[in-house]
Every structure is written in structure tokens, then in C-alpha cells.
Amino acid sequence: MSIKNLDPNGLEQNKDWEGNNAAFTCPVCQKVFIVSDTRMHVGPRKEKGYRKCAACARSWDRVTGERKSGGTASIEW
Ligand SMILES: [Zn+2]
């Protein structure tokens, strides 16, 4: 699997992150999808806070905490 962490101070054109919500472009199928730090969804290693791409189900995005207060956001595929 590959993983890419978002830079809170240098977001790319195809990503967004505000508060504890982040939007990603799926690296597999290009579908845009959002994830919130609700911790409702379980990811590939049984950790919470993930959301799977609704179109292809081959990537997972995750956000923990808030962008301006040390949070992290990442996408895995
Ligand atoms: Zn996808």
C-alpha cells in the first residue's frame, strides 16, 4: 500500500482540509470524497477515522484532529 500525508500548510489543488474534515481525490479512480474525524469508520488495519472510496473501494482516507492544531490527514491505496 502507498500512503500520502497532507501538508497542513501546503494543500495541493486536488485536496482540501478544514477543521476536522478533509477532501481527497482518489488516486485510483479520481473520485472526490470527504472524510470527517468522526471515528465511525474502521480502516484497513482496524483503526477508526477512515473512509473508503465510495466509487472503487480501493483507497482509504483518514483525518485525525484539526488542521490548525496538529491534526493529520492521509490517504492510502
Ligand atoms: Zn476510488
Side-chain angles (χ1 to χ4, degrees):
M1 271 185 131
S2 301
I3 183 165
K4 179 173 177 57
N5 292 298
L6 272 63
D7 177 355
N9 300 309
L11 290 171
E12 297 168 64
Q13 284 292 98
N14 63 354
K15 298 179 181 66
D16 200 7
W17 181 8
E18 187 59 43
N20 62 357
N21 304 290
F24 299 78
T25 302
C26 175
V28 180
C29 73
Q30 313 306 311
K31 166 83 174 168
V32 173
F33 63 120
I34 62 169
V35 64
S36 298
D37 183 16
T38 60
R39 311 199 177 231
M40 291 172 60
H41 304 285
V42 177
R45 287 178 301 280
K46 309 301 179 194
E47 301 144 306
K48 294 184 178 177
Y50 281 89
R51 186 164 179 232
K52 188 160 44 176
C53 175
C56 73
R58 291 171 62 192
S59 69
W60 302 80
D61 60 19
R62 185 188 200 199
V63 59
T64 58
E66 300 207 357
R67 182 169 72 88
K68 291 179 178 170
S69 46
T72 62
S74 59
I75 187 160
E76 297 179 47
W77 68 99

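All values below come from the heavy atoms of this structure, side chains included, with hydrogens, waters and symmetry mates left out.
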Nearest non-hydrogen partners of Ser59 and Ile75, listed with the distance: OG-CD1, 4.3 Å
Atom pair CZ (Arg62) and CG (Asn5), whose distance is rounded to the nearest 0.5 Å: 10.5 Å
Closest approach of Ala22 to Val63 (non-hydrogen atoms, all atoms of both residues): CB-CB, 4.4 Å
Aromatic ring pairing Phe33/Phe24, orientation class (parallel under 30°, perpendicular over 60°, tilted between): tilted
Point-to-point distance, once rounded to the nearest 0.5 Å, from CG of Asp37 to CG of Asn20: 5.0 Å
Polar side chain donor-acceptor pair, Ser36 to Asn21, under 3.5 angstrom: yes
Trp17 versus Glu66, closest heavy-atom pair with distance: CZ2-C, 4.2 Å
Pairwise distance CD1(Ile3) to CD(Glu76) - rounded to 0.5 angstrom: 4.0 Å
Rounded distance (nearest 0.5 Å) linking atom CG of Asp61 with atom OG of Ser74: 8.0 Å
Shortest non-hydrogen contact between Pro27 and Trp77, atoms and distance: CG-CD2, 3.3 Å
Passing option when Asp16 is tested against Val32, Ile34, Leu11 for side chain to side chain contact (heavy atoms under 4.5 Å, CB included): Leu11
Nearest-0.5 Å distance that lies between atom CD in Glu12 and atom NZ in Lys4: 4.0 Å
Side chain Arg67, main chain Pro8, donor-acceptor under 3.5 Å: yes
